[in-house]
Amino acid sequence: RPREPSLPASSSSPPPRPPPAGARPEPGRSGEMAAAPTPAYNFASKGYHSLFPGQPSCDPDALRAGTIKFVKNFDEKSWYNNPVRTILMGKSLVGGKEQKTVDAFGKENGAQVVATDAQAEEVLRHIRTYRPPKVDYRAEMRRIDQRILSMPMAGEIIGNQALDFGKQDGITEVVEALEANAVEQRINDALFEDEVNGNVKIGRFPAFIGCVSNFSNFLDLSRKVMRNMELGVPVVVLSRNNTTQHMFRWSLLLLDLMKKEGVDLGMLTYFSCDRKQKTKIFQACPESPAYFTCSREVAESVKKDLPKIMSSTGGPNTMVTTSFTPEVSTALRYSAMIENKGQCTAMRHCVVPDCTEDMVDQIFKPTPVINHVLESLEAKGFAGIYAGHKYECGPDYKSLPSQPMIQFRMASRPPSEIDEKWREPVVDITAPSSQDFRSEAFLKDLSRWLIKEQPITLAVNGDDELAMRLFETSGLVVYTVGSLENPGLTAQARPQDGECFGEFPPRSQLNDYTHLPVIIPSSTPGYNTEYTQARLASEAKAAFPSGLEYCEDLFRGCSPLVLGFVKTLCAYLADACGPKRGVGYDKGARTSLFGLQRPPLLEDSPTVIRIHAGSSFDELAPYVAPFYITNARSQLVVSADPGCGLSEHLAKFKGMQAVVEDQRSYEKRMGGVLPYNLIVLEGRKGLEPLLAMHWVSRLFCMGHIKSVKTHDDAFVEKFSKSKKWLAIEMTPSRL
């Protein structure tokens with residue numbers, strides 16, 4: 001590979017800003033301790049928390065008017081006359097196979113020219129040899145960011161998305177993108193400053209971008225493309241087999257703005273390709289990161305060729321309500337039908353005690369049926385069903401009498417198998433009796449189901465104690481607490497307010513789908529960033545954070561670089577543990593708490609580390625340290641093969657469950673245990689010095705829980721005291 005561009009001698013990026021004057025104090029936490037701040041790009045650190053206040057705003061009515069005007073004046077022939085095609089170094093590559101593109105419902109809507117095999121080889125050569133002329137494009141890309149998310153271009157990208165995907169409310173996405181982009185730009189500033197200081201190295205192999213249709217203007221254009229490019233990471237945007245038109249259109253706009261700003265055109269490639277060409281390039285570029293928002297099946301397939309895929313995968317989002325009210329009915333309908341269920345946070349499953357089929361019909365009877373996206377844009381709607389479609393869900397599902405396109409399935413226990421049914425108006429209803437709903441057996445089953453299926457979001461309405469229990473006994477990213485009169489939806493998360501968001505796979509299958517789980521807001525280039533050896537060597541000579549001095553003896557057997565990494569992890573956790581209140585509180589929006597969390601607080605659901613012969617203490621130490629220094633210590637079980645020779649090291653970790661046993665004994669003992677996570681160490685991997693937040697994200701839960709109320713001090717008081725929040729243990733166990 002060519003040598004990467006050198007860094008500037010100094011950086012003009014601003015230091016992390018202090019909290020605004022007059023900010024309310026954080027909720028108190030037992031077990032927290034004063035610690036030197038870690039870099040602000042690390043999730044939930046004090047510096048990270050300081051980057052949220054002060055965000056731009058825009059006029060949503062102007063965005064809506066501009067979008068409606070664009071859609072009304074849209075020329076359907078334009079997507080045929082100006083087809084999707086590969087663009088390399090700013091030049092269009094044509095002459096390949098011509099085919100038609102389709103929208104989200106399979107309707108033809110334009111033309112595409114697929115790259116020839118020779119052109120695909122040109123793209124591969126570019127990926128393998130391209131070296132950007134500089135790595136700091138922040139000023140240029142942020143001017144572009146401002147232009148493309150302002151009128152008239154904003155109306156154009158929203159309109160293209162509406163026409164291609166059928167998105168009924170793209171206005172809210174762009175409004176929130178403007179706010180969230182400001183936070184993620186500041187996080188990028190902190191990361192770049194740390195690179196200039198020699199502490200980290202950002203990987204700058206070109207990144208593959210697998211676009212998602214429903215949030216392409218924020219998740220793809222802003223997060224995956226512009227945030228990468230502004231720190232010198234080239235990107236390759238990949239075509240899709242449907243809804244590929246609107247991301248091609250923003251790619252054209254972006255390239256035009258890049259020319260005007262003097263950004264090298266090699267930084268952005270649009271690759272119009274078939275699956276075979278895509279797979280070939282993936283296999284040739286295993287060192288490149290990839291950022292996909294997709295199904296778990298797609299993520300698993302891509303990861304076989306691109307081990308550094310950062311995939312955000314969906315899950316059966318769930319609402320639990322203690323009773324049925326008109327307000328809850330509306331929340332259920334909006335959550336299940338949002339964007340004709342083309343939203344990652346849309347509800348797929350609900351728990352409603354004593355629910356009947358007639359009640360289900362009444363819930364969804366008012367759902368509007370629309371023929372064109374313009375109807376929702378003009379009516380400010382977001383949860384209409386598109387007319388003229390048929391859905392086949394299988395013999396277990398029934399159609400509603402009042403809305404035959406909507407199908408449902410009912411049972412007294414959560415479904416053992418559940419498919420996402422993307423873009424289909426389908427819902428599963430768990431309807432236990434009121435008595436069973438409150439039983440210990442049902443609540444345990446529900447918690448186990450949430451862990452197994454890993455929804456993105458859980459909304460609990462009508463009972464704060466129930467919300468607390470499900471929060472503490474599951475490991476989701478997004479939790480919402482509402483009442484029967486003011487219920488929460490599953491489709492609610494504003495990351496710019498501290499309602500941190502992510503689509504994590506089930507913890508025990510994390511490795512099957514993603515290199516790292518993705519949390520928002522964060523620095524996209526940070527997912528392919530590592531600490532430098534110089535930084536780790538320097539950290540190895542430093543002391544452990546105050547209160548963790550007992551770790552000196554525990555980790556004395558580590559090599560210098562691993563010791564430096566362990567101390568880095570400890571410093572991060574000392575700074576980041578404990579809940580942080582989201583800035584929505586100060587803005588008069590919802591009240592949220594976010595931060596690092598323990599694994600689910602369930603008996604017989606530990607994190608298990610199995611160490612095979614050939615492994616070393618260097619390999620084990622970075623896994624053990626985050627558990628041992630926190631209140632998650634009791635949730636870790638270490639099983640070591642006698643041949644690994646780690647008995648002496650393990651004996652130092654008092655109070656940690658550690659067993660030396662052969663494979664047969666291990667398998668027998670684990671027969672009745674359902675681990676939350678299983679980590680197998682085989683001595684094959686060396687040190688992987690990821691940013692501290694990313695290493696920790698493989699082990700612990702992270703995300704937020706919120707109240708739908710503004711300035712909800714009672715919520716803050718109650719939920720900040722939850723045992724689920726990760727906290728530092730300042731003393732070694734005496735057991």
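The aromatic ring centroids of Phe627 and Phe700 lie less than 6.0 Å from each other. If you look at Trp725 and Phe719, their ring centroids are not closer than 6.0 Å. Separation of the Phe594 and Phe52 ring centroids falls under the 6.0 Å cut-off. For Tyr623 and Trp695, the gap between ring centers is short of 6.0 Å.
In terms of modelled atom types and a separation under 3.5 Å, the side chain of Asp497 and the main chain of Val583 share no donor-acceptor contact. In terms of modelled atom types and a separation under 3.5 Å, the side chain of Glu184 and the main chain of Ser522 share a donor-acceptor contact. When atom types are taken as modelled, the side chain of Thr630 and the backbone of Ala632 share a donor-acceptor pair closer than 3.5 angstrom. For the pair Ser45 (side chain) and Tyr41 (backbone), a donor-acceptor distance under 3.5 Å is absent. A donor-acceptor pair under 3.5 Å links the side-chain atoms of Thr490 to the main chain of Thr345, judged by distance alone. Between the side chain of Lys224 and the main chain of Ile209, no donor-acceptor pair closer than 3.5 Å is present. Remark: the backbone N or O of Lys721 is not paired with any side-chain donor or acceptor of Lys723 at under 3.5 angstrom. Using a distance-only test at 3.5 Å, with no hydrogens or angles considered, no donor-acceptor pair links the side chain of Thr514 to the main chain of Leu510. The backbone N or O of Ala576 sits less than 3.5 Å from a side-chain atom of Lys580, completing a donor-acceptor pair. With hydrogens and angles ignored, the 3.5 Å screen pairs no side-chain donor or acceptor of Arg204 with any backbone N or O of Pro132.
Contact check on Arg138 versus Asp136 returns a salt bridge, with a Lys/Arg side-chain nitrogen under 4.0 Å from an Asp/Glu carboxylate oxygen. Using a 4.0 Å cut-off between a side-chain N of Lys or Arg and a carboxylate O of Asp or Glu, Glu261 and Arg143 qualify as a salt bridge. With salt bridges taken as basic N to acidic carboxylate O contacts below 4.0 Å, none links Arg535 and Glu195. In summary, Glu230 and Arg227 engage in a salt bridge, as defined by a charged side-chain N under 4.0 Å from a carboxylate O. Ion pairing between a basic and an acidic side chain is recognised when a charged N comes within 4.0 Å of a carboxylate O; Asp189 and Arg186 show no such pairing. A salt bridge links Arg494 and Glu179; the closest N-O separation between the charged side-chain nitrogens and carboxylate oxygens is under 4.0 Å.
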- Task: Carefully, step by step, assess Glu176 and Thr172 under the rule side-chain hydrogen bond (donor to acceptor under 3.5 Å, both in side chains).
- Result: CA-CA 6 Å; Glu176 296 189 357; Thr172 298; 5.8 Å; no
- Apply side-chain hydrogen bond (donor to acceptor under 3.5 Å, both in side chains) to the pair Asp575 and Thr38, showing each step before the final yes or no. CA-CA 7 Å; Asp575 185 54; Thr38 54; 3.0 Å; yes
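The aromatic rings of Phe555 and Phe653 sit perpendicular to each other, their planes meeting at more than 60°, with 30° as the lower class boundary.
For Val708, the side chain to side chain contact (heavy atoms under 4.5 Å, CB included) partners are Thr480, Asn486, Gln492, not counting sequence neighbours. Under the ring-ring contact (aromatic ring centres under 6.0 Å, His included) criterion, Phe218 pairs with no residue at all, not counting sequence neighbours. Here Tyr479 pairs with Phe471 under the ring-ring contact (aromatic ring centres under 6.0 Å, His included) rule; sequence neighbours left out.
Atom CD of Gln533 is surrounded by 12 or fewer heavy atoms from other residues, nucleotides or ligands within 6.0 Å. Around atom CD of Glu549, more than 12 heavy atoms belonging to other residues, nucleotides or ligands sit under 6.0 Å away. By the 6.0 Å contact criterion, NZ on Lys709 is open, its count of non-hydrogen atoms from other residues, nucleotides or ligands being 12 or less.
Of all non-hydrogen atoms in Ser720 and Pro579, the two that sit nearest each other are O-CG, 3.9 Å. Smallest separation of non-hydrogen atoms from Tyr291 and Thr524: OH-O, 3.0 Å.
For the atom pair Leu563 CG and Lys541 NZ, the distance stands at 11.5 Å (nearest 0.5 Å). Going from atom CG of Asn528 over to atom CD1 of Ile202 covers 9.5 Å, rounded to the nearest 0.5 Å. We find the CG-CG distance between Leu489 and Asn317 to be 11.5 Å, quoted to the nearest 0.5 Å. Residue Tyr585 holds its OH atom at 11.5 Å from OG of Ser592, rounded to the nearest 0.5 Å. Interatomic distance, Ile456 CD1 to Cys344 SG, rounded to the nearest 0.5 Å: 5.0 Å. Between Ile705 atom CD1 and Thr591 atom OG1 the span is 12.0 Å, to the nearest 0.5 Å.
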